[in-house]
Each structure stands twice: as structure tokens, then as C-alpha cells.
Peer 1: 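Before I ask anything, here is the structure I am working with.
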2 protein chains.
Amino acid sequence: MVQTKIASATRRPCELCPLRGRSAFRDFAPEELAFVSSFKQAELTVEAGGALIVEGEQHPQLYTALGGWGFRYKILEDGRRQILNYILPGDLIGLQGNLMSEMLHSVEALTRMTLCIFERERLTALFRNHPSLAYDLTWIASREESMLDEHLLSIGRRTALERAAYLLAFLDHRAHMTGIFTADVPHVLPLTQQHVADTLGLSLVHTNKTLKRLSEIGLLRWLDRGCEVLDRGRLLDIAGWQPAPEGLRPFI
Amino acid sequence: MVQTKIASATRRPCELCPLRGRSAFRDFAPEELAFVSSFKQAELTVEAGGALIVEGEQHPQLYTALGGWGFRYKILEDGRRQILNYILPGDLIGLQGNLMSEMLHSVEALTRMTLCIFERERLTALFRNHPSLAYDLTWIASREESMLDEHLLSIGRRTALERAAYLLAFLDHRAHMTGIFTADVPHVLPLTQQHVADTLGLSLVHTNKTLKRLSEIGLLRWLDRGCEVLDRGRLLDIAGWQPAPEGLRPFI
DNA sequence: CGTGGAATTGACTAAGGTCAAAGTTAGTGG
DNA sequence: CCACTAACTTTGACCTTAGTCAATTCCACG
């Protein structure tokens with residue numbers, strides 16, 4: 001949690017971006033690609049548990065997650081923590097909250113993450129010269145909002161069991177959509193029960209008992225620091241949720 | 001709640017927009033104003049309780065609230081309702097959720113609302129020709145996100161008393177910032193306790209008891225269908241919250 | 001072997017939900 | 001002007017869910 005970031009020397013060109021060509025993402029026009037390439041400053045690697053963004057600090061960079069898992073959160077003065085959303089490859093980090101002033105939330109890596117760094121300053125050039133990318137940026141912000149809406153509904157109105165079912169189905173769905181659950185890796189959500197608790201607004205103990213209920217009926221398997229979803233359909237039934245169909249999505 | 005919208009014949013030019021010139025909002029350059037004027041289709045009036053947007057429906061318009069109060073919400077199949085955020089003058093409605101496909105939440109008027117109508121289709125032209133307005137749009141989406149982050153923290157991690165204090169301080173603050181609490185009107189948040197309950201994720205009964213506690217120590221007065229905040233400072237203390245300082249904000 | 005983070009479990013407590021009824025108030029129509 | 005209604009608010013009694021406390025167990029790792 002207090003580990004520092006580790007900047008890597010990598011300077012992979014956008015043409016070789018690991019996200020490019022994944023079936024979930026839209027293609028770029030050549031001129032868009034050229035601009036994004038110039039927009040990109042460097043790549044960054046953050047170890048699991050490392051702090052990427054700290055609430056209250058100025059943060060002149062934006063990031064796009066290229067690999068790994070992270071999460072955004074806020075804490076109250078006495079330490080109560082609320083996880084706001086999870087970050088998966090393709091997600092833009094730093095757009096939430098004010099566009100230019102200090103950060104209103106923190107971001108921490110759940111696994112080792114690789115990120116692409118952009119300078120906030122250059123957003124102006126993006127808006128001025130690349131309307132289609134500007135549109136994408138708004139689209140991305142809008143998508144984040146709709147996820148937050150869902151979470152709010154969940155925490156506000158669902159029972160503990162429904163919330164847990166919703167969260168795990170949601171993350172499993174996103175992982176699949178993003179293409180990080182390939183055939184060769186185990187399909188595990190890299191969470192501790194503390195993360196689940198802090199996302200659902202529940203205590204750790206109650207979260208544990210709730211997850212146990214879901215395990216017992218065979219909907220998931222809890223591993224050492226992770227969760228394997230065994231039956232997303234039935235989780236969705238319990239939650240009374242249906243993921244919104246999503247076409248090709250942009251990323252920057 | 002099932003009343004229909006009432007389109008008014010008004011076609012007030014943007015130069016006479018009631019928001020323009022209010023101290024909270026930024027000024028437009030002449031060419032921006034000209035574009036927004038052409039962007040604007042008409043004005044709309046919705047009576048209190050009227051449905052402006054219904055979840056699941058296609059909605060080719062965007063709105064900017066000019067006057068009155070509204071709220072966005074989602075419901076579960078069995079009727080449990082979660083209010084996501086409130087809409088005040090200057091807020092853009094319809095950007096949340098997917099930019100172009102069906103609406104993912106509903107919007108209802110809390111008081112009589114007047115709105116400015118834009119065609120979603122013309123967003124493309126806005127992005128292409130008015131980078132500064134495109135930037136504003138992203139800024140607005142980003143601001144909505146940061147409000148949702150706050151709400152999530154509140155519902156997930158604050159006690160009933162803290163949540164109520166937070167919500168009322170939040171709304172009172174926004175009302176003041178937006179300039180709708182002028183000297184000649186009573187400074188009343190136009191809510192029922194059911195709205196408060198559905199925002200805080202609490203039952204109506206418990207909400208009532210919680211609000212009573214806040215009244216008894218003199219922090220607010222509950223009126224027939226509304227709330228008068230008497231001591232925002234102490235509400236903020238209870239909530240452990242501090243509104244983020246906000247400079248001039250854009251609107252479209 | 002130890003050690004520390006994570007997961008589990010049981011006993012008890014408290015916050016908040018549910019049910020049911022009654023009181024208030026604004027508005028409506030006679 | 002007044003009775004009537006419907007929507008809101010208020011209150012008390014009781015129940016359920018979830019939180020707290022305190023151990024214990026289970027691993028992964030050095």
C-alpha cells in the first residue's frame with residue numbers, strides 16, 4: 001500500500017499496444033494513432049499494492065491501463081474505505097473528478113499493472129485537433145458514470161447477498177469483455193475479501209459469511225487471494241442484474 | 001410521476017438564458033454563444049412529479065436544466081428505488097450512461113422544471129467545431145462522476161446520521177452555489193422524506209427518525225415537503241465532509 | 001519452523017428494517 | 001366554508017440484518 005511506483009524504461013510504440021486489435025476495442029484511424037503516439041509519454045509499471053494516485057495531490061498525468069487490475073477508492077478521516085470502481089485494461093485513469101485540479105480519489109494496484117502515461121496538458125491539443133478522440137473521452141467518462149450508477153443502486157438498495165453476487169458477476173463480466181481471461185490463465189478475480197467488503201459497504205466478517213453462502217451453492221470458489229466465478233448466470237439472477245450490451249469501445 | 005411533459009412555446013434566445021451572467025458560471029465567447037444558440041431546439045416545461053426520461057427508452061435529446069429541481073434514479077425489478085443524484089439549474093441531463101444508446105436511468109422533476117432541449121445528433125458538430133465546448137462537456141461529465149464518488153462513499157461507509165447530514169449539506173451547498181437561493185425565496189430543499197430515504201439507501205421510517213435527531217439539535221427544520229438547512233457547518237462536521245472548492249463552471 | 005496476512009467461525013450487540021396505526025396538511029369538490 | 005381524500009410525516013413495538021469482538025485456522029514465504 002505504501003510501495004512506490006516503478007517507472008519502466010519501456011517505450012513501446014502505440015502500434016504495438018497490447019490493447020490494439022483486441023476484439024473489445026475499436027480501431028483507430030491512422031491520424032488518430034499518430035496523435036495518440038505523440039501524446040504518449042512513457043510506460044509505467046506499478047507493483048501489486050502500489051499507490052498510483054493519492055487523493056488530494058496534484059496529478060499532471062493521465063494513465064491508460066494496459067495490463068493488470070487496480071481500483072479507485074476514497075477514505076473517511078477515521079479510515080473507513082470505500083472502493084468506487086475497479087480498473088481494467090483499456091480504462092482511463094485520472095479523468096474522474098476534476099479535469100485539471102487535485103485528485104479527489106486514490107488509485108491502488110491490485111496486481112502488477114502496466115500503464116501508459118499521458119500529460120494532462122496535452123488534452124487541450126487533443127480537443128482542438130482530434131474531435132473523434134475528444135468524443136471518445138466523453139464516451140469513456142460517460143461509461144464510468146453508468147458503472148457508478150449501477151454501484152450506487154447496488155450498495156443503496158440490494159441486500160448483502162445480492163450485492164456480492166452483483167459485484168462478482170460484474171467483475172467477471174468485465175474481465176471477459178476486456179479479454180484478460182485468456183485460455184492459458186486461470187480465471188481469477190484478484191481480490192481479497194477486504195476489497196469485496198470495502199466495495200460493498202459491508203464488514204469483513206459479514207462479507208466472509210456472505211461469500212461462503214455463494215460458495216456453498218456452487219456459484220463461486222474462493223481461493224487464497226482471489227475469486228473464481230463458477231456460474232455467472234445464477235449470480236446475475238440473484239443480483240437481478242443484466243450487463244448492458246456494449247459495442248466496440250474506444251480507448252486512448 | 002406519470003404526468004406527461006408539457007412543451008412550452010417559448011423560444012427564448014440563449015443571450016437571454018437565465019443562467020447567463022450568474023456568478024457561478026463561466027462566460028461564453030461570442031462564437032460559442034452563436035453555436036449553442038443554433039444547437040438549442042426549444043424549451044420544455046415539466047410539472048413537479050413529471051417523468052422526463054425513462055430508463056430503457058431511446059432518447060434523442062439532451063437537456064440543460066434552466067430552472068427547478070429534478071433527480072436521476074434507477075429501480076430494481078421489485079420496485080426498490082435508488083436516487084443517484086439531483087439535478088439543478090446548469091446541469092446537463094442525458095450525458096450520463098451511454099452517449100448514444102438507450103437511457104440507463106430515469107429522470108423525474110421534483111419541482112416544476114424548465115429545460116433547454118438539444119439534439120444528441122448535433123453533438124458531432126459540437127465536437128468537430130467547438131473544442132472548448134467539447135472540453136466543457138467532458139468537464140461536466142467529470143464533475144458528475146466526482147459527485148457520484150462522494151455519494152458512493154457516503155452510502156457505503158457513513159452511518160445513517162452522517163449520511164443524512166451529508167446529503168442535506170450537499171444539496172444546500174449546491175443550491176447556494178447555483179444561485180437559486182435568492183433573497184426573495186425561502187431556502188427550502190424541495191424533497192419528501194421518501195426522496196431522502198431513497199437517496200441514502202435507508203427505509204422511510206429510519207430516515208424520519210434520523211431527520212428528527214438532526215432537527216432536535218437545531219441543524220435543520222423539516223417542512224411539509226421540504227427541508228430548511230439551519231446550520232450547514234455543523235452538518236458538514238457530522239458528515240466529516242468538505243465541499244470541494246469549485247471555480248467558475250461551464251454549462252452548455 | 002516462524003511469521004504475517006488472509007480467511008473462518010462463534011457469541012453477542014447494535015443499527016436499521018418492517019409492521020401497523022395515527023396524526024398533519026394541502027387540495028378538491030360540494 | 002367544510003367535509004373528504006390522498007400524500008406525507010410521525011411514532012411505537014418488534015424483528016432481522018449486519019456489525020463488533022475475539023479467537024482460531026490456513027497458507028505462502030522467508
Side-chain angles (χ1 to χ4, degrees), chain A residues 1-3 47-49 76 78-82 108 110-111 154-165 167-168 186 188-216 220-228 238, chain B residues 1-3 47-50 76 78-82 108 110-112 154-165 167-168 186 188-216 220-228 238:
Chain A
M1 190 174 152
V2 272
Q3 280 107 319
E47 293 306 315
L76 293 173
D78 62 3
R80 283 175 282 176
R81 177 175 76 167
Q82 178 62 43
E108 186 176 315
L110 215 40
T111 64
S154 204
I155 298 194
R157 288 303 181 201
R158 283 195 246 252
T159 65
L161 193 72
E162 292 168 342
R163 281 185 228 185
L167 176 65
L168 298 173
V188 171
L189 308 173
L191 305 166
T192 67
Q193 296 190 357
Q194 186 67 64
H195 291 116
V196 176
D198 287 350
T199 311
L200 302 183
L202 297 171
S203 72
L204 179 59
V205 173
H206 195 65
T207 299
N208 178 274
K209 288 168 182 170
T210 304
L211 291 173
K212 193 185 171 195
R213 286 176 62 194
L214 290 173
S215 302
E216 279 168 356
L220 58 87
R221 185 173 8 231
W222 197 270
L223 311 169
D224 181 42
R225 323 160 115 267
C227 172
E228 193 179 348
I238 288 177
Chain B
M1 188 173 157
V2 272
Q3 281 107 318
E47 293 305 316
L76 293 173
D78 62 4
R80 283 175 283 176
R81 177 175 76 166
Q82 178 63 41
E108 185 176 315
L110 215 39
T111 63
R112 172 196 293 253
S154 204
I155 298 193
R157 287 303 181 203
R158 282 195 246 253
T159 65
L161 193 72
E162 292 167 344
R163 280 184 228 186
L167 176 65
L168 298 173
V188 171
L189 308 172
L191 307 165
T192 67
Q193 297 190 355
Q194 186 67 65
H195 292 116
V196 176
D198 287 349
T199 310
L200 302 182
L202 298 171
S203 72
L204 179 59
V205 173
H206 195 65
T207 298
N208 178 275
K209 289 170 182 170
T210 304
L211 291 173
K212 194 187 171 195
R213 286 175 63 194
L214 291 173
S215 302
E216 278 168 356
L220 59 86
R221 187 173 6 231
W222 196 270
L223 311 170
D224 181 43
R225 317 161 116 266
C227 173
E228 193 179 348
I238 289 177

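The chains referred to below are lettered A, B, ... by the order of the sequence lines, with proteins before strands, and numbering in each begins at 1.
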Peer 1: The side chain of B:Leu202 lies closest to which of these nucleotides: C:dG16, D:dG19, D:dT11?
Peer 2: C:dG16
Peer 1: Would you mind reading off the distance between A:Ile155 atom CD1 and D:dA18 atom C1', rounded to a whole angstrom?
Peer 2: 15 Å
Peer 1: To the nearest angstrom, how far is B:Asn208 atom CG from D:dT9 atom C1'?
Peer 2: 6 Å
Peer 1: Take the protein atom CG of B:Leu204 and the nucleotide atom P of C:dC19, then report the distance between them rounded to whole Å.
Peer 2: 13 Å
Peer 1: Against A:Gln193, only a single residue in A:Thr210, A:Thr207, A:Asn208 fulfils side-chain hydrogen bond (donor to acceptor under 3.5 Å, both in side chains); can you say which?
Peer 2: A:Asn208
Peer 1: Which whole-number value in Å describes the distance from B:Leu110 CG to D:dA7 P?
Peer 2: 17 Å
Peer 1: Need to verify one output field. Residue with the more 5' nearest nucleotide on DNA chain C, A:Leu211 or B:Arg225?
Peer 2: A:Leu211
Peer 1: Please compare B:Lys209 and A:Arg213 by the position of their nearest nucleotide in DNA chain D and report the one closer to 5'.
Peer 2: B:Lys209
Peer 1: Taking any heavy-atom pair under 4.0 Å as a contact, classify A:Ser203: base, sugar-phosphate, or nothing.
Peer 2: base
Peer 1: Could you tell me how far apart B:His206 (NE2) and C:dA14 (C1') are, to the nearest whole angstrom?
Peer 2: 11 Å
Peer 1: Counting side-chain heavy atoms from CB outward, which of D:dA18, D:dC21, C:dG17 is closest to A:Val205?
Peer 2: D:dC21
Peer 1: Would you say B:Gln193 places a side-chain N or O within less than 4.0 Å of OP1 or OP2 belonging to D:dT10?
Peer 2: yes
Peer 1: To the nearest Å, how far apart are B:Leu223 CG and C:dT24 C1'?
Peer 2: 13 Å
Peer 1: Could you tell me how far apart A:Lys212 (NZ) and C:dG10 (P) are, to the nearest whole angstrom?
Peer 2: 7 Å
Peer 1: Which heavy atom of B:Gly156 sits nearest a heavy atom of A:Ile155, and at what distance?
Peer 2: CA-CG2, 3.8 Å
Peer 1: Under 4.0 angstrom, heavy atoms only, what part of the nucleic acid is A:Thr210 near: base, sugar-phosphate, or nothing?
Peer 2: nothing
Peer 1: Rounded to whole angstrom units, what separation is found between the CZ atom of B:Arg163 and the P atom of C:dG16?
Peer 2: 6 Å
Peer 1: Checking B:Ser203 against B:His206: is there a side-chain donor and acceptor pair closer than 3.5 Å?
Peer 2: no
Peer 1: Is any side-chain heavy atom of A:Glu162 closer than 4.5 Å to one of B:Arg80?
Peer 2: yes
Peer 1: Could you check whether B:Gly226 gets within reach of a base, just the sugar-phosphate, or nothing at all, counting any heavy atom under 4.0 Å?
Peer 2: nothing
Peer 1: If you define the side chain from C-beta out and look only at heavy atoms, does anything of A:Gln82 sit under 4.5 Å from A:Asp198?
Peer 2: no
